[in-house]
Number of protein chains: 2
Amino acid sequence: VLDHRRAVAERNLEAILAAAERLLERRAPATISAVAAEAGLSRVTVYAHFPTRELLLEAVAERALRMTAAAADEARVLEGPADEALDRLAIFSLHGLERHAALVEATGEQLSADARRRLHEDGLAGVRRLLERGREEGSIRRDLPVEWLLACFYVLVHGAADEVRAGRLAQAAVPEVLRTSFRDLFLCR
Amino acid sequence: VLDHRRAVAERNLEAILAAAERLLERRAPATISAVAAEAGLSRVTVYAHFPTRELLLEAVAERALRMTAAAADEARVLEGPADEALDRLAIFSLHGLERHAALVEATGEQLSADARRRLHEDGLAGVRRLLERGREEGSIRRDLPVEWLLACFYVLVHGAADEVRAGRLAQAAVPEVLRTSFRDLFLCR
């Protein structure tokens, strides 16, 4: 019975998260009521998983980040020389942000800066390892703390996505702009 | 009568904003009720100015930013060669973030990333003029869009303050870390 209950809970959870992301993609408010209707579940069931809309939004974002990280592993984005991997990772991250544009918009509007940063804790661990490997290989600079380089990676990639969303930076210009910025900020001279 | 009413409204507004910042500095929640009590005003009066706690927090942050901008004008931070002014401005901005640490913490926890960025619209106009002057003087790079350099200035200064707050970067390391990052990201080679 417990196994069955767990299976139902997991299926409901996935249905809730997928329904919330579909609503966001249609630019519809992902309220608990709307998500319940979209997922074909009762509001009580959705509330049992997510007492607030913010917690639901964070879970949707975590799911998207996990999927993006899995795709990066699959595509071996982080392998090979660290400086080249960093370039690939920046572009890969931007594509992730584009693919989940509606979700990124919702988190930018509804989650605090701190909450958004916390969502990236796991993903940034891989970037930290990449930066540390690059230091050993001699391509990544050692005169700035690695935690600072990590922070720069996070704020610059998100900053670029936010600027595109605000209409201040052309989407087409982003890869070159980020590549140049990363080269000058991360690589040894 | 109208003049008298306007004077009362302005005095109340200032009392509300000052009370909210005092509460934040004591790490007390700046709820509408708490602010009313601290300012010696009725809740109805506070609600009349700020229907929600978020709008109140945004107004407190705007006031702090205006005060910081006025202090920067007073200290002629933006004058002289643009590259030197940019250095001074980074340190000046960090001091502003430190001086209003409790407020910065509250905005990081309670305002969305988009709302926080909007608060800085006015202040960033001065930074844009500085960057443009630096391009004319030949010190600031021209191979990246000025709007992108402006975004980098914003996200890196706030990123540094957020990292210090999260305990990932030592306060004492920040000036040198920012100066090095700005040099490599903003200046001509």
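Naming: A, B, ... by sequence-line order, numbering from 1 per chain.
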Name the member of A:P145, A:S181, A:G159 that forms the most heavy-atom pairs with chain B at distances under 4.5 Å.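 Between A:P145, A:S181, A:G159, the count favours A:S181.
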
Quick check on the hydrophobic clustering: are A:V46 and A:V8 connected, directly or via other members, by side-chain heavy-atom contacts under 4.5 Å?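 Looking at the clustering, A:V8 is in a separate group from A:V46.
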
Between chain A and each of [options], count heavy-atom pairs under 4.5 Å; write down the option with the most.
options: B:R165, B:H158, B:R116, B:Q110; value: B:R165
options: B:L144, B:T107, B:L185; value: B:L144
options: B:A113, B:A115, B:G108; value: B:G108

Would you say B:S112's side chain and A:S112's backbone share a donor-acceptor pair under 3.5 angstrom?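 Not confirmed, B:S112 side chain does not pair with A:S112 backbone.
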
[X], part contacting chain B, at a heavy-atom distance under 4.5 Å:
X: A:L111; answer: backbone
X: A:L178; answer: side chain
X: A:E147; answer: both
X: A:R168; answer: both
X: A:A170; answer: neither

Straight-line distance of B:R183 CZ to A:D184 CG, nearest 0.5 Å: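 Rounded to the nearest 0.5 Å, the CZ-CG separation comes out at 11.0 Å.
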
